[in-house]
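Below: one structure, written as structure tokens.
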Amino acid sequence: MTTIKLHNTKTRKREVFTPIDDQNVRMYVCGPTVYDRAHLGNARPVIVFDVLNRLLRHVYGEDHVTYVRNFTDVDDKINARAAESGRTIGEITDETTQWFLDDMAAVGALEPDHMPRATAYIPQMVEMIEGLIAKSHAYAAEGHVLFAVESYKKYGALSGRSIDDMIAGARVEVAPYKRNPMDFVLWKPSDVATPGWDSPWGRGRPGWHIECSAMAYELLGAHFDIHGGGNDLMFPHHENEIAQSCCAHPESEFANVWMHNEMLQVEGKKMSKSLGNFFTVRDLLDQGVPGEVIRFVMLSTHYRKPMDWTEKKREEAEKTLEKWYFRLAEAGYSSDMVKMLIAENRWKPAEEVISALRDDLNTHGAITALRKLTSVGTAVSISEFAASLDFLNLVGDWDQLALKAGIGVTSVGDNESNSVIANALLNRQQAKKSKNFQEADRIREMLEDAGVKVIDGAGGTSSFELGSDFEPAKLDALK
RNA sequence: GGCGAGUUGGCGGAGUGGUUACGCAGCGGAUUGCAAAUCCGUGUACAGGAGUUCGAUUCUCCUACUCGCCUCCA
């Protein structure tokens with residue numbers, strides 16, 4: 001039996017993963033609050049758990065995994081954004097949700113099976129809150145409903161804190177209606193200008209945390225396998241989710257395995273607006289950084305280590321992928337060929353790649369395995385290599401391999417540039433033939449200045465590649 | 001103050017109780033009119049101290065440093 005090992009935050013150990021029901025492996029990952037473009041850090045958990053999703057499907061079967069990732073579309077940040085922009089909340093959340101889906105698709109993430117929106121689950125949240133009050137785990141006070149942390153003795157177990165410790169360091173909101181300073185809000189009142197729903201406690205809106213508990217329960221049940229998210233959510237978000245869910249459904253244990261990815265940094269520093277190193281996934285894409293490059297860089301660091309996004313890593317990732325695409329292009333890969341190999345049941349990722357991933361999602365190990373496959377270069381390993389790249393979804397378009405490798409102008413579609421370049425190469429070949437190397441080099445330099453790389457092959461032939469810095473206007477000098 | 005993660009060769013970054021990845025850069029060589037690309041070769045590093053052990057970079061403890069969370073930022 002193929003085993004997967006995962007590091008469980010709850011036990012702080014790497015454990016053999018055993019599904020509750022191997023016919024339906026269930027995973028919940030905390031999704032974004034939709035009020036703005038996803039920044040690069042938002043992409044990390046999406047990519048990490050996308051790989052886990054793919055691995056689970058590979059091991060347990062495509063139809064035996066249920067992956068849920070929510071959209072939190074009720075939140076005071078959204079309200080603030082609406083107030084300052086004069087737009088409606090619906091406009092903002094709809095637009096941002098679509099942005100998120102587009103950007104995450106660009107970095108190669110499959111859509112989860114369910115992507116519930118919090119506002120569609122308000123009745124379920126109210127019901128859960130009522131249940132918590134009935135069981136004396138929560139209390140209503142001044143239009144608010146609060147969760148009583150002292151009513152759940154395991155509160156703090158996930159993040160390794162005790163209630164007393166936390167109060168000692170107290171940076172919690174002190175409110176007169178709280179019985180304990182750590183008590184957190186399940187429901188809060190809304191004024192006329194703020195979105196609200198009728199409830200037993202008056203018109204109001206849910207607090208943070210409860211939406212995940214309610215949606216996870218609705219879609220995955222009281223007890224499921226994996227719950228994931230960034231480690232900044234460990235406390236208080238996940239701690240509070242556990243408290244709510246376990247108290248609302250005391251017969252269950254909520255999630256068996258908790259997984260947290262480490263944070264992202266940029267050039268060694270925390271990404272922040274004040275440091276000026278803050279950017280979104282869309283910013284990178286717009287700068288011409290391909291989604292596969294972003295994905296590759298993300299996968300090159302283990303998810304439980306801080307991931308440092310640097311210009312150098314971006315460049316190295318680009319180079320490596322170009323090399324790989326070149327190999328695939330050389331071997332004649334295309335979407336038709338992939339279809340054929342799938343039909344012939346010859347589309348299998350390499351065992352070394354899968355076994356690296358089975359070991360707590362060692363994506364870096366998987367990349368190392370890929371490198372080894374390319375260096376061997378036999379017919380067998382190239383197909384395994386290709387299938388492995390596909391498994392990790394590091395190839396965006398199988399019909400654009402040559403182009404992505406920086407070769408093959410023909411697919412760029414600018415015939416005028418092509419003919420100018422071809423003419424220049426012809427002139428250069430003649431210069432080479434007559435031993436006029438000075439002229440030959442001059443032509444090459446001009447081409448390279450325009451972002452066209454010239455490659456001399458055997459037998460006096462020349463080919464060329466268009467670099468990312470290709471500027472057609474500079475070709476005019478060659479006409 | 002509390003909690004957690006980490007500290008590996010020039011850089012990035014895995015991993016392991018003994019055989020010491022991999023990538024980039026560097027160096028040497030092959031090839032090439034020159035480049036580029038490619039190929040071959042080349043690097044005993046695991047923060048400091050103590051302990052466990054036949055043996056620790058890998059286990060335990062201590063120290064130093066870095067980073068993150070505790071401010072509804074993944």
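Heavy atoms only: backbone and side chains are in, while hydrogens, waters and symmetry mates are out. So that the names make sense, note that chain A is the first sequence line, chain B the second, and so on, each numbered from 1.
- Annotation: B:G48 and B:C22 have their P atoms spaced 24 Å apart (nearest Å).
- Between the P atom of B:G13 and the CZ atom of A:Phe296 lies a distance of 13 Å, rounded to the nearest Å.
- Nucleotides B:G9 and B:C24 place their C1' atoms 13 Å apart, quoted to the nearest Å.
- Side chains of A:Tyr35 and A:Asn79: a donor-acceptor N/O pair is absent below 3.5 angstrom, by distance only.
- Pairing each heavy atom of A:Val34 with each of A:Thr93, the nearest pair is O-CG2, 3.7 Å.
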TODO: Decide yes or no on salt bridge (Lys or Arg N to Asp or Glu O under 4.0 Å) for A:Arg81 and A:Asp36, but give the supporting numbers first.
DONE: CA-CA 9 Å; A:Arg81 190 56 62 101; A:Asp36 207 350; 3.5 Å; yes
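- For RNA chain B, no neighbouring residue in residues 351-361 of chain A is found when judged by any heavy atom under 4.0 Å.
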Show your reasoning for whether salt bridge (Lys or Arg N to Asp or Glu O under 4.0 Å) applies to A:Glu439 and A:Arg442.
-> CA-CA 5 Å; A:Glu439 172 65 7; A:Arg442 190 187 69 86; 3.1 Å; yes
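- Side-chain N/O atoms of A:His39 and base N/O atoms of B:A74 include a donor-acceptor pair closer than 3.5 Å.
- Residue-level contact check: A:Gly365 touches neither bases nor backbone, having no heavy atom under 4.0 Å from any strand.
- A donor-acceptor pair shorter than 3.5 Å can be found between the side chains of A:Asp183 and A:Tyr139.
- Under the 3.5 Å distance criterion, with hydrogens and angles disregarded, a donor-acceptor pair is assigned to the side chains of A:Asp102 and A:Gln98.
- A:Arg37 approaches A:Asp103 most closely through the heavy-atom pair NH1-OD2, 3.0 Å.
- A heavy-atom distance below 4.5 Å is found between the side chains of A:Trp324 and A:Thr374.
- Here the P atom of nucleotide B:A25 and the CD atom of A:Glu315 are 11 Å apart, to the nearest Å.
- The P atoms of B:A5 and B:C73 are separated by 23 Å, rounded to the nearest whole Å.
- At a cut-off of 3.5 Å, with distance as the only test, no side-chain donor of A:Asn53 or A:Asp50 sits close to an acceptor on the other residue.
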Output a table of nitrogen or oxygen pairs between the protein and nucleotides 37-42 of chain B separated by less than 3.5 Å.
none

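- Base engagement by A:Asp76 is indicated by at least one non-hydrogen atom pair under 4.0 Å involving a base atom.
- Using a 4.0 Å heavy-atom cutoff across all strands shown, A:Leu264 reaches at least one base atom of the nucleic acid.
- Comparing B:G23, B:C24, B:A14 by their nearest atom to the side chain of A:Arg371 picks out B:G23.
- Taking 4.0 angstrom as the limit, A:Lys319 places a side-chain polar atom (N or O) nearer than this to OP1 or OP2 of B:A25.
- Comparing the same atom, P, in B:U58 and in B:A45 gives a spacing of 15 Å after rounding to whole Å.
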Review item, nucleotides 32-34 of chain B N/O atoms under 3.5 Å of protein N/O:
from  : atom 1 : to       : atom 2 : distance (Å)
B:G33 : N1     : A:Asp441 : OD1    : 3.0
B:G33 : N2     : A:Asp441 : OD2    : 2.7
B:C34 : O2     : A:Arg444 : NH2    : 2.5
B:C34 : N3     : A:Arg444 : NH1    : 2.8
B:C34 : N3     : A:Arg444 : NH2    : 3.3
B:C34 : N4     : A:Asp456 : OD2    : 3.0

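- The nucleotide whose nearest atom lies closest to any side-chain atom of A:Lys305 is, among B:U7, B:C22, B:G13, B:U7.
- If A:Ser300 and A:Thr33 are placed on RNA chain B by their nearest nucleotide, the residue sitting closer to the 5' end is A:Ser300.
- Applying the side-chain contact (heavy atoms from CB on, under 4.5 Å) test to A:Ala386 and every residue at least two apart in sequence or in another chain returns A:Leu328, A:Tyr333, A:Trp347, A:Trp398.
- A:Lys312 comes within 4.0 angstrom of a nucleotide base, judged by non-hydrogen atoms across all strands.
- If you check every strand for non-hydrogen atoms under 4.0 Å, A:His209 touches nothing.
- Between A:Phe254 and A:Trp258, the ring planes lie tilted relative to each other; the angle falls in the 30° to 60° range.
- When the C1' atom is used for both B:U44 and B:U38, the distance is 29 Å, rounded to whole Å.
- Between A:Phe278 and A:His39, the distance separating the two ring centers is shorter than 6.0 angstrom.
- Here the side chain of A:Lys313 is nearest to one of B:C73, B:G12, B:C24, namely B:G12.
- When all heavy atoms of A:Leu101 and A:Phe71 are compared, the closest pair comes out as CD2-CZ, 3.9 Å.
- Spacing between B:U42 and B:C62 at atom P, rounded to whole Å, works out to 43 Å.
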Check: protein-nucleotides 66-68 of chain B nitrogen or oxygen pairs below 3.5 Å:
from  : atom 1 : to       : atom 2 : distance (Å)
B:C67 : O2'    : A:Gln265 : NE2    : 3.2

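- In this structure, a donor-acceptor pair under 3.5 Å is present between the side chains of A:Thr194 and A:Asp191.
- Remark: the separation of the C1' atoms in B:A56 and B:C65 is 22 Å, to the nearest Å.
- Nearest-nucleotide assignment on RNA chain B puts the 5′-proximal partner with A:His302, out of A:His302 and A:Gly229.
- Using cut-offs of 30° and 60° on the angle between ring planes, the pair A:Trp208 and A:His237 is parallel.
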Its dot-bracket string being built from Watson-Crick and G-U pairs below 3.5 Å, with | for another strand and [ ] for crossing, RNA chain B has the pattern (((((((..(((.....[...))).(((((.......)))))....(((((..]....))))))))))))....
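- Going from the P atom of B:U57 to that of B:C46 covers 8 Å, rounded to whole Å.
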